[in-house]
Amino acid sequence: METLPTIAVLGGTGKEGPGLALRWAYAGYPIIIGSRQQEKAEATAAELNTSLNIHSIIGMENSRAARAADICVLTVVYTAHQAALESIRDDLQGKILVDATARVDFRDPKPPAPPSAARLAQELLGPAVRVVAAFQNVPAHSLRKNLGQALDSDVLVCSEDASAAQEVIRLAQAGGMRAYYAGGLDNAVVVEGLTALVIGLNKAYGTKTASIGVTGINR
Ligand SMILES: NC(=O)c1ccc[n+]([C@@H]2O[C@H](COP(=O)([O-])OP(=O)(O)OC[C@H]3O[C@@H](n4cnc5c(N)ncnc54)[C@H](OP(=O)(O)O)[C@@H]3O)[C@@H](O)[C@H]2O)c1
């Protein structure tokens with residue numbers, strides 16, 4: 001049987017991180033929840049374990065979580081993007097870092113200016129970290145519902161590292177999402193901008209689950 005990579009969800013104590021963690025744990029991936037505080041990470045891990053009736057999700061401080069994982073997924077609040085990356089730069093060397101950051105203010109949603117968050121991450125972390133941008137348009141609100149079923153949300157995956165992008169596409173699929181390779185890290189600023197659009201759609205239509213879908217590709 002294939003051994004699944006261990007996933008650390010860094011800043012996995014908020015809204016988006018626990019939802020992704022829940023879906024991957026449900027699919028059998030070993031999961032570590034990361035936080036600036038060990039106790040907070042443990043509390044979220046315990047809550048997720050309870051909801052899945054398992055014991056395998058563990059909580060650790062971000063730095064230890066990053067070191068213990070094969071793939072790290074960054075889900076910190078966007079204003080903490082740089083500070084969080086600086087605090088784990090050494091721990092991420094040689095690993096895949098999935099950046100889910102959309103630099104959009106929920107109260108005043110506007111598309112961010114280039115460079116993309118993921119490009120900034122790549123520059124800050126250096127070439128030995130395999131940065132992949134993904135999940136910026138997947139609503140936290142949808143992730144916790146209907147585990148094991150397909151999510152009505154497509155994932156645009158941007159990276160210069162083709163094999164890292166493929167790993168993240170597999171991860172998205174394991175979580176019930178369709179995922180598409182959408183070019184290099186600079187394209188990810190468009191994906192972040194779509195988050196501003198999605199927040200606007202949520203407000204206009206009184207929902208929390210608006211997302212994006214790709215059409216015209218037969219696979
Ligand atoms: N919410 C969504 O629907 C959604 C959808 C797609 C993508 N995203 C993206 O996912 C990311 C997380 O969104 P969210 O809604 O989950 O955010 P959130 O709940 O507001 O915060 C997530 C985590 O960020 C950490 N954090 C806060 N300040 C920090 C700091 N100064 N340094 C390091 N970590 C800090 C906290 O973890 P600790 O206190 O445990 O360290 C917190 O639990 C954002 O970049 C967002 O753009 C969100």
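In listed order, ligands and their atoms are each counted from 1. Residues take their numbers from the sequence shown, with the count starting at 1.
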Could you tell me the separation between the CG atom of D161 and the CG atom of L97, rounded to the nearest 0.5 Å? 12.0 Å
Can you find a non-hydrogen atom of Q136 under 4.0 Å from ligand 1? yes
Top protein contact for atom 44 (C) of ligand 1, by heavy-atom distance: V76 O, 3.2 Å
The reported gap from CD1 in I212 to CG in N137 (rounded to nearest 0.5 angstrom) is 5.0 Å
Salt bridge or not between D91 and R89? Use side-chain N to carboxylate O under 4.0 Å. no
Atoms in ligand 1 with a heavy atom of F135 nearer than 4.0 Å: 6 (C), 7 (C)
Give me the residue, atom name and distance of the protein heavy atom closest to atom 46 (C) of ligand 1. A102 N, 4.1 Å
Going from CG on D152 to OG on S142, what distance comes out if it is rounded to the nearest 0.5 angstrom? 8.0 Å
Within the 4.0 Å heavy-atom shell around S35, which atoms of ligand 1 are there? 38 (P), 40 (O), 41 (O)
Polar side chain donor-acceptor pair, S116 to R103, under 3.5 angstrom: no
Show which atoms of ligand 1 fall inside a sub-4.0 Å distance from at least one heavy-atom site of A100. 7 (C), 8 (N), 9 (C), 10 (O)
Do ligand 1 and G14 have nitrogen or oxygen atoms that lie under 3.5 Å from each other? yes
Distance to 0.1 Å, residue and atom name: give those for the protein heavy atom nearest to atom 20 (O) of ligand 1. K15 NZ, 3.3 Å
Could you find the nearest protein heavy atom to atom 39 (O) of ligand 1 and give me its residue, atom name and distance? K40 NZ, 2.5 Å
With respect to atom 10 (O) of ligand 1, which of E86, Q82, E16 exhibits the smallest heavy-atom separation? E16
List the closest protein heavy-atom neighbour of atom 22 (C) of ligand 1: residue, atom name, distance to the nearest 0.1 Å. T75 O, 3.4 Å
Quick note on ligand 1: atoms under 4.0 Å from a heavy atom of A140 include exactly 1 (N), 2 (C), 3 (O)
R67 and S63, any side-chain heavy atoms less than 4.5 Å apart: yes
Ligand-residue contact atoms, ligand 1 with G11, heavy atoms, under 4.0 Å: 22 (C), 23 (C)
To the nearest 0.5 Å, what is the distance between CG (L92) and CG (L10)? 7.0 Å
4.5 Å side-chain heavy-atom contact, R23 and L147: yes
State whether the shortest distance between N or O atoms of P139 and N or O atoms of ligand 1 falls below 3.5 angstrom. no
Quick one: look up the protein heavy atom nearest atom 24 (O) of ligand 1 and list residue, atom name and how far away it is. V77 N, 3.1 Å
Give the atom numbers and elements of ligand 1 that come within less than 4.0 Å of a heavy atom of A80. 28 (N), 29 (C), 30 (C), 31 (N), 32 (N), 33 (C), 35 (C)
Using distance alone, determine whether T13 and ligand 1 share an N or O pair under 3.5 Å. yes
Could you tell me the residue and atom name of the protein heavy atom closest to atom 33 (C) of ligand 1, and the distance to it rounded to 0.1 Å? R36 CD, 3.5 Å
Find out whether V73 and W24 are in side-chain contact, i.e. whether some heavy atom of one side chain is under 4.5 Å from a heavy atom of the other. yes
Using heavy atoms and a threshold below 4.0 Å, how should the contact between V138 and ligand 1 be classified: side chain, backbone, both, or neither? backbone
Can you measure from CD (E47) to OG1 (T13) and round to the nearest 0.5 angstrom? 10.5 Å
Just so I know, are the side chains of L74 and H81 near enough to count as touching, which here means a heavy-atom distance under 4.5 Å? yes
Could you measure the distance from the CG atom of N62 to the CD1 atom of I88? Nearest 0.5 Å is fine. 6.0 Å
